[in-house]
Amino acid sequence: MKSSLTVEQQELAAGYVLGDLSPEEHSMFELELHLNPELQQEVAMLEISLAHIPQALPLITPPLRLQEQIFKSEIVTKSPKLKFLKMTWRKWVAGLGILTTLILGAYSLQLRQKLIVAQETVSNNTVAALLQRPTSRLISLKGEGNEASGNLLFVRGEWKEVVVSLGRLPALPPGKNYRMWLALNSGRIISCGSFNSNDQGAVFVKLNPAQSPNKTEKVIEIFITTSLEVDPLVPEGSKVMTGKI
Amino acid sequence: MPNVQSEQSDSELINELRSGKETALRIIYDRYGGLVYTIAIRILSKADEAEDLTQEIFLTFWKQEKFDPSRACLKTYLSVMTRSRALNKIRGKSTMSRAVARLQQLSLSESPPIPLEQVTLEESQKAVIDAMRQLSDKQRQVLEMNYYFGFSHTQISQKLEMPLGTVKSNARQGLIKLRQLLGDGDIIGTGEES
């Protein structure tokens, strides 16, 4: 099948896999990656091709004693996998209880993922429209004491809708969600909306802030906190992510 | 290394591994232990450290195997895991572990997988050697410095006294060519005629 990707898209995909994009290029590329399945496929193929490089090396045979060491290791000989088969009936009953809990948990997770997929469908159209606006702007967000990173896409001077694309967010405690806030130069802080991450800590949602800054106010910082699922009026707890404008 | 012959596919072995069959791990070790050890010794340069890492890779794989065969093939997964842990050891960082996570998040389900993912290690080795020979010397050198030493393109530019733009261009073009040669399958005779 012929690729419909441009030469520039292929080069950016290679740069993305090799880790040589500038922060701005990286942000824009990740956003495009969300929207373009063919580009996702290209990145996957490049990752796998890169992973094949060591197969060009002449294979070196490990010493025989290494195999012995591995298979005589307590990790293998006292494997919990084998113990599992020898469990008593009491442990099987307890295990069944745990299994039921896991199934219910997985069902709940599945529902949450469906919610996020629904949000993404909305965002795909929204992102394309936002990107076409000449005043659209992309802001990088970074984790505070965690590895989260991502972007926020909005139209300068407007805060009617923003698209948030984040990754590697820490797992949320039960009953909590993430909430985005705008810090204004007047000292006011307004809520932008709340969202959940998927089980890989990723988020791709559109938010419609209920309030906007006044004409005399400017947004100076964007930050994310965790909050209870009921709407809080002010930020609670420490900042999970921040971004400067 | 003794070669335990088995007709079982990697996916079948993974299923047996999950049910606690030690023989499955033995066959996987016989199949890929050499590849893991070769990558480890190439990056770490010391036989004792390479042995320790090979042991660590297989014991970790046995203890908490999280491999998803629908996402990538086993030899690719073990290669990425070995490279990641070896680079972490020489650089003292954990950022490379993201590569393993990223590999398992690849979306390959909607289109045909890369042909090399479907063949044996011996067949794919031959194809990769042929493909690497078709890269220019600079492309191969830059890609290998990035792969085996984890050098950034800026570091490679300094070490080779080559402009950064030239390093980036060689790395990107080299990888794109490699992906075309391996991904299209022509090099192992599985590519579609155009």
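Chain letters run A, B, ... following the sequence lines, proteins first and then strands; every chain starts at 1.
- Of the atoms belonging to B:I41, it is side-chain heavy atoms, and not backbone ones, that fall under 4.5 Å from chain A.
- Atom CG of residue A:L46 and atom CD1 of residue B:I176 lie 7.0 Å apart, to the nearest 0.5 angstrom.
- B:F58 contributes atom CZ, which lies 9.5 Å from atom CD of A:Q67 (distance to the nearest 0.5 angstrom).
- When all heavy atoms of A:S73 and B:L59 are compared, the closest pair comes out as OG-CD1, 3.7 Å.
- Taking 4.5 Å as the limit, some side-chain heavy atom of B:L143 sits within range of a side-chain heavy atom of A:L18.
- Checked against salt bridge (charged side-chain N to carboxylate O under 4.0 Å, His left out), A:E32 has no partners two or more places apart in sequence or in another chain.
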Would B:N146 and A:D20 count as a side-chain contact (heavy atoms from CB on, under 4.5 Å) if you check the C-alpha gap in whole Å, the side-chain angles of each, and the deciding distance to 0.1 Å? CA-CA 11 Å; B:N146 177 276; A:D20 76 4; over 6 Å; no

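- A distance of 11.5 Å separates OG1 of B:T76 from CD of A:E47, quoted to the nearest 0.5 Å.
- Atoms CH2 and CD1, on B:W62 and A:I70 in that order, are 12.5 Å from each other to the nearest 0.5 Å.
- Every pair passing side-chain hydrogen bond (donor to acceptor under 3.5 Å, both in side chains) that includes a residue from residues 40-54 of chain B is listed here, sequence neighbours excluded: A:R65-B:E51.
- Rounding to the nearest 0.5 Å places CG of A:L59 at 12.5 Å from OH of B:Y37.
- Contact between A:P54 and B:Y148 at its shortest, heavy atoms only, is CA-OH, 3.2 Å.
- With A:E11 as the fixed residue, the side chain to side chain donor-acceptor pair (under 3.5 Å) test singles out one of B:R172, B:K168, B:Q173: B:Q173.
- Interface remark: B:I43 contributes no atoms to any contact with chain A (heavy atom separation under 4.5 Å).
- The shortest distance between side-chain heavy atoms of B:V128 and A:I53 does not fall below 4.5 Å.
- The closest side-chain heavy-atom distance from B:L182 to A:M45 is not below 4.5 Å.
- Only the side chain of B:S79 comes within contact range of chain A, with heavy atoms under 4.5 Å apart.
- Between the NE2 atom in A:H52 and the CD atom in B:Q125 there is a gap of 10.5 Å [rounded to 0.5 Å].
- Side-chain contact between A:Q55 and B:K75 is present, with at least one heavy-atom pair separated by less than 4.5 Å.
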